[in-house]
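Below, read A as the first sequence line, B as the second, and so on, with proteins coming before strands; counting in each chain starts at 1.
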Amino acid sequence: MPSRFTIPVPADFVFRRDVCSYGYFLLAPNLWVPERLTLIRPLELTSGIASFAFSQPRGRGKPIRVVADRAVSKRDRDEAEPLIRRMFSLDDPDVRDFHKVDPRWKRSGRARLFRSPTFFEDLIKTVTSCNVTWPSTVGMNRRLCEVINPAFPSAGQLARKRPAMLRARCGVGYRDARIVQLAKLHRSGELDPAWLADPANSDESVFKALLALPGIGPYGAGNLMQLLGRYSRLAVDTETIRHGKATLGMTGNERQITKALHAHYDPFGRHKFRSFWFEVWQFYESKQGPAWTWEPKTTGKAFTAALLKD
DNA sequence: GGTAGACCTGGACGC
DNA sequence: GCGTCCAGGTCTACC
């Protein structure tokens, strides 16, 4: 029998805006249903996988309604809640500070960025987004869920896989060995998400630790920083360069534009990434309409600038 | 420290 | 339907 419960949210939380705020809401096992303004996704709990439908029927600041596809015990709920809070960045302490530093986003209320229930899922999603166009990232994540675990493969599961199997069945290409290595590092405790998230550790030391991971370069490390709630760095990829040229009017070669981008966003201090990202997101939405209207199978596969340019 | 080339896949394009 | 080309970060070898 399905279970229902609610999760209280901060007064400024708007479900559709804050879920549809970063591309990962379009990646499996997340399923955004625009006509119902609902996010469906399975979560792996000790008692087994349960699929949850999340929505906010009464709007801003009202609790998130959660409907599970099976009976969910108090213990299951206690286990699921921190995962859900992470996905929706419900515990972000710096929303007000961000709006103080960059008032452009105060009216729309944009500040929170969607992420995965675990850092490990964000890590693998980041690796699958490197050196590919968006439709390939969509495909890799779909197949990882279809082939290994519908609630997204755990580090333990991926650590036991043969790279060749991941390549052949999940289409991850040359990322195969790197994914297994990352899973092994996570399983052994060498890669410790709690340490990375701990505010007592400096952004500098965390960034350095991320850069040392296999398959993670400057872009990946910058992206993982924001997925850890550390917004003090940019994640420069081709989309960022495009933004520098097309929207900010920067000129020169890639290196010069990268340098100019860092200087441009420097005044936003520890909110740099958000200030940059919401400009990019606004561009996508100016082309395709509000992100919460995007159909995952059509618009959701074609929203990046590279695919929009024509 | 900087740079060239390899890595792999999906999609666009031309025939 | 097939072949070719291109886009996309990271890593290694080399200067």
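In this structure, CG of A:Asn253 is placed 12 Å from P of B:dA4, rounded to the nearest angstrom. Nucleotide B:dC8 holds its P atom 12 Å from the CE atom of A:Met140, rounded to whole Å. Rounding to whole angstrom units, CD of residue A:Gln181 and C1' of C:dT10 are separated by 13 Å. Remark: P of B:dT9 and CG of A:Leu144 are 13 Å apart, rounded to the nearest angstrom. Atom CD of A:Glu254 is separated from atom P of C:dA7 by 12 Å (rounded to the nearest Å). Going from atom CD1 of A:Ile179 over to atom C1' of C:dG9 covers 14 Å, rounded to whole Å. Atom CH2 in A:Trp134 sits about 23 Å away from atom P in B:dC8, given to the nearest Å. Rounded to an integer number of Å, the gap from A:Leu211 CG to C:dG9 P is 15 Å.
A:Tyr174 contributes a side-chain N or O that forms a donor-acceptor pair with the base of C:dG9 under 3.5 Å.
Side-chain atoms of A:Asp97 and A:His271 form a donor-acceptor pair, as typed in the model, at a separation below 3.5 Å. No hydrogens or angles considered: nothing links the side chains of A:Tyr219 and A:Glu239 as a donor-acceptor pair under 3.5 Å. There is no side-chain donor-acceptor pair under 3.5 Å between A:Asp94 and A:Tyr231. Side-chain contact annotation: A:Asp92 with A:Ser89, donor-acceptor N/O pair under 3.5 Å absent. Defined by atom type and a distance below 3.5 Å, a donor-acceptor pair is present between the side-chain atoms of A:Asp237 and A:Thr240.
Checking C:dT10, C:dG8, B:dT9 against the side-chain heavy atoms of A:Arg143 singles out B:dT9 as nearest. The side chain of A:Arg175 sits closest to C:dG8 out of C:dG8, C:dT10, B:dG10. Distances were taken from every side-chain heavy atom of A:Tyr219 (C-beta onward) to each of C:dG8, B:dG11, C:dT10; the shortest belongs to C:dT10. Of the candidates C:dG9, C:dT10, B:dG10, C:dG9 carries the atom nearest the A:Thr238 side chain, counting heavy atoms from C-beta on. You'll find that the side chain of A:Val132 is closest to C:dG8, out of C:dT10, B:dG11, C:dG8.
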Can you check side-chain hydrogen bond (donor to acceptor under 3.5 Å, both in side chains) on A:Thr137 and A:Tyr24, steps first, answer last? CA-CA 10 Å; A:Thr137 305; A:Tyr24 289 7; over 6 Å; no
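For A:Arg167, a side-chain nitrogen or oxygen approaches OP1 or OP2 of B:dC8 to under 4.0 Å. At least one side-chain nitrogen or oxygen of A:Arg255 sits closer than 4.0 Å to the OP1 or OP2 atom of B:dT3. Close to B:dT9, at under 4.0 Å from its OP1 or OP2, lies no side-chain N or O of A:Thr133.
Taking the charged nitrogens against the carboxylate oxygens, A:Arg112 and A:Asp12 do have a contact shorter than 4.0 Å, which makes a salt bridge. The pair A:Glu121-A:Arg41 counts as a salt bridge, with a side-chain nitrogen and a carboxylate oxygen less than 4.0 angstrom apart.
At the heavy-atom level, A:Gly220 lies under 4.0 Å from the strands shown only through sugar-phosphate atoms. As judged by a 4.0 angstrom heavy-atom cut-off over every strand, A:Leu213 is placed among residues touching the sugar-phosphate backbone only.
Bending across the helix from B:dG1-C:dC15 to B:dC15-C:dG1, expressed as the angle between its end axes from five pairs apiece, amounts to 30° (10° rounding).
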